[in-house]
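Input: a single structure, listed below in structure tokens.
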Amino acid sequence: MKGIYKCKINNYHRIGDDLYLLSLRLSGRVAVKPGQFFMLRVREGSEPLLGRPLSWFRYFPNRRILEFAFQVMGKGTEILSRRREGGDLSIIGPLGNGFETKGLRGRVLLVAGGMGMAGLWSLAEALGRNPNCAVELVWGVKSKSRFFLLKELSKRFKVHPATEDGSLGKAGLATELVKELIDQEGLPEHIFACGPKPMLKSLSKPALSKKIPGQVLYEERMACGVGACLGCAVPASGGGYLHACLDGPALRFDQIDWERVRC
Amino acid sequence: MLSLETRIGRLVLKNPIILASGTCGYGDGYRDFFPAGQMGAVVTKGISLKPRAGNAPPRIWETAGGMLNSIGLENVGVDKFISEKLPLLRKQKARVVVNIFGERREDYAKLAERLGKEDGINALELNLSCPNVKKGGLEFGRDGRSVKQIVWAVKSRSGLPVWVKLSASRSDPAELARWAEEAGAEAVVISNTLRGMAIELEKKRPALGGITGGLSGPAIKPVALAAVYEAARAVRIPVIGCGGICSGRDALEFLLAGARAVELGTAVMANPRAPLEILRKIKDYLSGLGLQSIEQWIGTLKPE
């Protein structure tokens with residue numbers, strides 16, 4: 001159930017270059033789906049004014065611990081990175097439609113760009129429990145200091161890392177690695193992707209032309225997160241706009257008019 | 001027992017808190033957080049004759065003490081509003097104000113005629129002040145004669161109370177409020193967002209897809225407050241304050257300056273509990289002063 005949760009900051013640590021893992025203790029239980037998000041009020045008061053939408057990262061229901069992983073990108077996340085353990089933080093959620101995973105089988109490719117891994121982690125865990133699915137991950141980052149929990153992930157899944165500077169794994173972009181994988185091993189049954197818009201846009205080309213079913217976790221600037229302001233417009237393939245907070249953030253490649261997506 | 005009832009023309013609101021147009025969807029955007037019926041009234045997203053897709057994203061940009069939006073009046077159009085949205089709103093048992101927008105003067109009259117036939121609408125709010133569209137809205141809200149003509153047309157075609165939403169920027173809002181009053185408007189709402197802009201420096205481009213947008217939030221509160229103060233002294237019809245109200249104290253200031261109710265927008269988007277928190281604060285404050293009615297507070301600002 002969508003709601004406002006007052007949380008205590010349970011634990012906080014740096015997990016990479018400008019990357020943080022925020023662990024919150026919730027006041028009650030929450031039912032979350034992979035791909036859903038929360039609006040985090042990074043601190044009380046009017047500066048910054050708006051909440052920050054973040055995908056949930058991991059959830060431990062027995063301990064009522066909900067985790068978020070984020071990269072410092074601007075003022076909001078910078079303030080969030082300086083919060084202290086034991087402090088209060090209120091969150092609104094879970095919001096939006098998560099990934100559709102019903103009836104999924106066969107080889108499933110998860111493609112993460114940078115911090116996009118935070119949005120796919122819970123999906124990887126869920127699909128990992130599905131005996132009909134073989135999960136493979138492609139994870140591209142700028143440089144190896146931007147990976148987090150890579151070892152833990154690699155123990156459980158087949159992970160193909162890529163770095164733009166070549167400091168770990170394949171040198172290049174995640175999308176280039178995906179193309180190679182498709183050439184060598186054939187088409188996957190399904191693609192899930194989360195990352196910067198240029199990555200998603202580039203990935204939409206093979207996904208649509210080769211008719212690989214797939215979903216992206218679409219990020220857009222928003223004010224309310226609940227469908228009230230209509231701010232988070234996503235160009236829709238049939239014309240007009242979808243809204244990331246209500247229709248998404250998980251959207252199929254073919255729902256989006258990629259030509260009109262501004263990067 | 002303190003009464004928070006406030007009269008806006010023919011309409012009695014149970015309290016002075018109104019959800020502003022464009023910030024609560026079609027009036028029920030916050031149903032998961034509080035029933036719309038707990039508010040004095042809710043104002044819907046601006047409704048036009050034909051559906052509008054709205055402006056290209058990004059549509060939201062946070063600024064110091066505020067935010068810019070460039071939604072561009074995306075809405076389902078009046079037909080779908082009546083068939084799909086209004087029934088949901090009637091169930092919420094809220095006072096419903098429908099905000100209407102037209103590119104041409106006659107659009108307002110046509111909208112008034114359609115909406116005047118529907119049950120469950122308590123007033124129409126005319127958007128004559130949106131900074132985010134190329135045609136209509138603000139261009140009519142700059143000129144007293146256009147304001148008068150549109151108000152008159154809407155009033156006579158709908159039979160509903162007419163509120164006029166004006167901008168605190170540009171023209172003299174008190175002057176425009178007088179024109180609205182003369183034409184028979186039952187309230188003026190001041191202010192809409194104020195036109196503003198942000199730039200993405202590294203990308204050397206405007207931050208918003210619509211290039212410029214409307215500024216809202218605490219940053220515009222003093223501008224709106226001054227305009228409300230002046231308009232409330234210039235007209236006898238109720239003035240409704242809107243612009244950066246984020247706390248009970250902010251709301252109390254607008255009421256003191258002469259507003260008979262306040263609209264909340266950005267505050268609710270930042271914190272969905274804000275309307276109920278602000279209402280509680282107003283009650284506590286006025287009860288603490290030993291007042292019996294909010295009437296004893298409205299417009300009692302000392303002259304010096």
Side-chain angles (χ1 to χ4, degrees), chain A residues 1-6 39-53 73-77 79 90-95 197-198 218-236 238-246 256-257 259-263, chain B residues 19-20 22-34 42 45-46 51-76 200 203 205 207-210 213 216-219 221 244 246-247 250 265-273:
Chain A
M1 176 69 186
K2 214 183 276 185
I4 305 176
Y5 295 84
K6 289 250 183 250
M39 291 295 271
L40 279 73
R41 204 156 170 68
V42 300
R43 71 173 170 204
E44 289 308 312
S46 60
E47 211 53 60
L49 192 60
L50 302 171
R52 292 297 187 268
M73 297 297 288
K75 194 170 62 181
T77 41
I79 292 166
S90 79
I91 62 173
I92 302 171
L95 301 171
K197 285 206 187 97
Y218 197 96
E219 199 175 28
E220 188 51 72
R221 286 176 188 266
M222 53 179 72
C224 71
V226 302
C229 73
L230 307 181
C232 52
V234 185
Y241 297 97
L242 299 164
H243 298 96
C245 75
L246 282 186
I256 299 168
D257 178 359
E259 283 300 313
R260 287 193 289 146
V261 169
R262 177 169 122 165
C263 292
Chain B
L19 298 186
T23 66
C24 56
Y26 295 96
D28 65 342
Y30 287 94
R31 62 188 172 276
D32 294 322
F33 302 94
F34 57 84
V42 294
K45 178 79 199 162
R52 290 176 60 99
N55 290 345
R59 293 178 172 184
I60 302 287
W61 202 267
E62 197 178 60
T63 60
M67 60 172 269
L68 288 163
N69 87 76
S70 166
I71 311 296
L73 290 169
E74 172 180 339
N75 80 95
V76 296
E200 269 188 281
K203 292 185 174 165
R205 67 181 179 190
L208 293 170
S216 64
K221 191 193 119 187
C246 287
S247 66
D250 289 342
T266 305
V268 195
M269 298 197 282
N271 168 22
R273 281 213 183 105

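Here is how names work: the chains are called A, B, and so on, in the same order as the sequence lines, proteins then strands, and each is numbered from 1.
- Using a 4.5 Å cut-off between heavy atoms, B/Ala207 touches chain A through its backbone atoms (N, CA, C, O) alone.
- A/Ala228 and B/Gly29 make their closest contact through CB-CA, 4.4 Å (heavy atoms, listed as atom of the first residue, atom of the second, distance).
- In terms of heavy atoms, A/Leu230 sits closest to B/Arg59 at O-NH1, 2.9 Å.
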Practice item. Decide yes or no on side chain to side chain contact (heavy atoms under 4.5 Å, CB included) for B/Glu62 and A/Arg52, but give the supporting numbers first. Key: CA-CA 11 Å; B/Glu62 197 178 60; A/Arg52 292 297 187 268; 2.6 Å; yes
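- Contacts of B/Leu68 with chain A are absent, with no heavy-atom separation under 4.5 Å from either backbone or side chain.
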Review point. Would B/Arg205 and A/Arg262 count as a side chain to side chain contact (heavy atoms under 4.5 Å, CB included) if you check the C-alpha gap in whole Å, the side-chain angles of each, and the deciding distance to 0.1 Å?
Key: CA-CA 12 Å; B/Arg205 67 181 179 190; A/Arg262 177 169 122 165; 3.4 Å; yes
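- A donor-acceptor pair under 3.5 Å links the side-chain atoms of A/Glu47 to the main chain of B/Gly65, judged by distance alone.
- Closest non-hydrogen pair, A/Ile92 versus B/Pro272, comes out as CD1-CD, 3.3 Å.
- Within the 4.5 angstrom heavy-atom criterion, atoms from both the backbone and the side chain of B/Pro58 approach chain A.
- Classification of A/Arg221 and B/Glu200 as a salt-bridged pair fails, no side-chain N sitting under 4.0 Å from a carboxylate O.
- Each of B/Ile60, B/Thr266, B/Asn69 was evaluated against A/Cys229; a single residue qualifies, B/Ile60, per the side chain to side chain contact (heavy atoms under 4.5 Å, CB included) test.
- Across A/Pro48, A/Gly51, A/Cys232, A/Gly227, the residue that shares the most heavy-atom pairs under 4.5 angstrom with chain B is A/Pro48.
- Both the backbone and the side chain of B/Ala56 have a heavy atom closer than 4.5 Å to some heavy atom of chain A.
- Nearest approach of B/Pro218 to A/Ser46, heavy atoms of both residues: CG-CB, 4.1 Å.
- For chain B, the option among A/Ala236, A/Ala233, A/Gly240 with the highest count of heavy-atom pairs below 4.5 Å is A/Ala233.
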Exercise for review: Report the C-alpha separation of B/Asp32 and A/Val226 in whole Å, then their side-chain angles, then the decisive distance to 0.1 Å, and conclude whether the side chain to side chain contact (heavy atoms under 4.5 Å, CB included) test is met.
Suggested key: CA-CA 9 Å; B/Asp32 294 322; A/Val226 302; over 6 Å; no
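- The nearest pair of heavy atoms linking B/Gly54 to A/Tyr241 is O-CE1, 3.6 Å.
- To the nearest 0.5 angstrom, B/Arg273 atom CZ is 4.0 Å from A/Ile4 atom CD1.
- Between A/Cys224 and B/Cys24 the shortest side-chain heavy-atom distance does not fall below 4.5 Å.
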